[in-house]
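One structure is given here, and the rest of the page talks about it.
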Protein chains: 2
Amino acid sequence: MESTSTELSCGSCALSRICLPAHLSARETRILAGAVERGRELQSGARLIRAGARMDALYVVRSGSAKSCGVMNDGEEYVRAFNLPGEVAGLEGFADGHHTCDLVALEPLRYCRIPLGRLERLMETLPGLRREVLRLLGQSLEEAQRMRTEVSMVDARGRLASFLVDLSRRLERRNLPPMHFRLSMSRRDIARHLGLTLETVSRSLGAFRSAGWVEVRARYIKLLQPKALAALLAH
Amino acid sequence: MESTSTELSCGSCALSRICLPAHLSARETRILAGAVERGRELQSGARLIRAGARMDALYVVRSGSAKSCGVMNDGEEYVRAFNLPGEVAGLEGFADGHHTCDLVALEPLRYCRIPLGRLERLMETLPGLRREVLRLLGQSLEEAQRMRTEVSMVDARGRLASFLVDLSRRLERRNLPPMHFRLSMSRRDIARHLGLTLETVSRSLGAFRSAGWVEVRARYIKLLQPKALAALLAH
DNA sequence: GCCGGAATTTGATCCGGATCAATCGAGGCC
DNA sequence: GGCCTCGATTGATCCGGATCAAATTCCGGC
């Protein structure tokens, strides 16, 4: 069942400046909106995409958050990305038409779905949409490559600082309080995302707290000196 | 100056099964070929793409090899990828229209160039080309994400083994000897690519040699027991 | 072939983060 | 509220790979 309080089309969606229609004309947005399906609300832990499944659509987080994750052949979980409202997931499926990782809700989640067939047909006639999909893929690629060099060249605290600052920046773009927020993911998820152990994440957070750069109360984080955090990356 | 011995169009190129035309129809390949420009031979060390430069084309390695690399803010070099014949470079520029890393020839290099404007115009009318560009981006994304989890979850020897096995596989696809080849990149480049130091790369190679899995003579590598190398990844 | 500089190998030591282990705290459920 | 379980913090130790430091090999130029 659809909640009646939510917007009915991309054009009036609060996320339109951030989401797929970001660079589309009014006309293109209207046409795209006709192809978008709205999913019902999912519970925390629900699996929206399954690794190995045929790619049949793009998924966009509408509210809540999710993680893109999978398991290595030794059974260890890894977390490729966290997805906030307005972010598109499942792009890696373009490689061979199958998804390679799961998309799992971290909290109650609403989402939109764009069937692949309709997207491809729309890309034929909407040059703006073509460019936008290429832009999204390019951004994800750039992000993944940047993260890869970060994992191999930046130490534990630097990576955690980078994570917090990046999260803050993404919240800000969504008009959510960027300096005081709740982490929807566990320390373990953060660790798996940054290539660390949960103990190291916890200790690094502790170090930031001792330095007076953050306040930490369970999953609630307040950034007191974001500049100090960002400075960890410079070196 | 163009060598007279090289093919003149994508359709007759030895790389056509691997390169951009891989999944295009004969007609689409012919049309694409009309948009492709052939660059002159570059010397080792030449820079084909510069970080920060406006993205004005896609580049494809025709012969030789290259590295996609850049420098972190602390001056350390990183290597995102090595590019073999038939591989497309510069895709990350789709993110915002600018390249974020350099493309540097590792040995004398020939390349093709597809101007972005022409590519976009062709994508309007050639659905196969649209799909192919999306596929390429999806593959690069998948590869970058896979590498990222590998850097954070696999130890030094496992990563080096993975690198050698992957290289072998890519050479095989190009009908080049997959078990006995010359590394066009330095130990330092390999290290920067795998998130290691050159000493660790050298020591790991030494360990493989001692185990009788490879023969190493300077930059020449012979894989004696590729299965043993691949097995390092399983665990 | 010989020479010089760079790349590579090999050796010794050190350290950041993993691992193992115990305690503490928070939120859900009755 | 009180219990119970899972998540998070804190502590102690260990180890893989980084770092520092030669020694050796490779390769291009003469």
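Naming convention: chains lettered A, B, ... in sequence-line order (proteins, then strands); numbering from 1 in each chain. Note that the structure is a prediction, hence the values are computed from the model and not measured.
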Does the D/dG11 base have a donor-acceptor partner in the side chain of A/Arg203 within less than 3.5 Å?
yes

Send over the distance from B/Leu106 CG to C/dA7 C1', rounded to a whole Å.
15 Å

Residues pairing under ring-ring contact (aromatic ring centres under 6.0 Å, His included) where one sits in residues 52-81 of chain B, two or more places apart or in two chains, turn out to be B/Tyr59-B/Tyr111

From C-beta outward on B/Glu199, which listed nucleotide comes closest to its side chain: C/dT8, D/dA21, C/dG17?
D/dA21

What's the angle between the local helix axes at either end of the helix from C/dG1-D/dC30 to C/dC30-D/dG1, using five pairs per end and rounding to 10 degrees?
50°

Note: B/Arg170 and B/Phe82 closest approach over all heavy atoms is NH2-O, 2.7 Å

For B/Arg157, look at atom CZ and say whether over 12 heavy atoms of other residues, nucleotides or ligands are found less than 6.0 Å away.
no

Which heavy-atom pair separates A/Gly86 from A/Arg174 by the least distance, and what is that distance?
C-NH2, 4.4 Å

Atom CG of B/Leu205 to atom P of D/dT25: distance rounded to whole Å?
17 Å

Under 4.0 Å from OP1 or OP2 of D/dT9: is there any side-chain N or O of A/Ser202 that close?
yes

Whole-Å gap separating P (C/dT8) and CG (B/Leu160):
13 Å

Please report the distance, rounded to the nearest Å, between CZ in A/Arg159 and P in C/dG16.
14 Å

5'-most contact on DNA chain C (nearest-nucleotide basis), A/Tyr220 vs B/Arg209, goes to B/Arg209

A/Ile221 CD1 to D/dA8 C1': how many Å, rounded?
12 Å

For DNA chain C, the residues among residues 177-198 of chain A that have a non-hydrogen atom under 4.0 Å from it:
A/Gly195, A/Leu196, A/Thr197

Nucleotide C/dG28, atom C1' - distance to CZ of A/Arg219 in whole Å
14 Å

Could you state the CE-C1' distance from A/Met153 to D/dA18, rounded to the nearest angstrom?
13 Å

Closest non-hydrogen atoms of A/Leu58 and A/Phe94, given as atom of the first, atom of the second and distance, are CD2-CE1, 4.3 Å

Do you know which of B/Glu92, B/Arg80, B/Gln145, B/Arg148 makes side chain to side chain donor-acceptor pair (under 3.5 Å) with A/Gln145?
B/Arg80

Atom pair distance, as rounded to whole Å: CG in B/Asp155 and P in C/dG16
21 Å

Which atoms form the tightest heavy-atom contact between A/Cys101 and A/Cys69, and what is the distance?
CB-O, 3.1 Å

Count the heavy atoms of every other residue, nucleotide or ligand shown that sit under 6.0 Å from CZ of A/Arg17, and state whether that count exceeds 12.
no

Indicate yes or no: does B/Arg169 engage B/Asp166 in a salt bridge with an N to O separation below 4.0 Å.
yes

Could you work out which one of C/dT9, D/dT10, D/dC27 sits closest to the side chain of B/Val216?
C/dT9

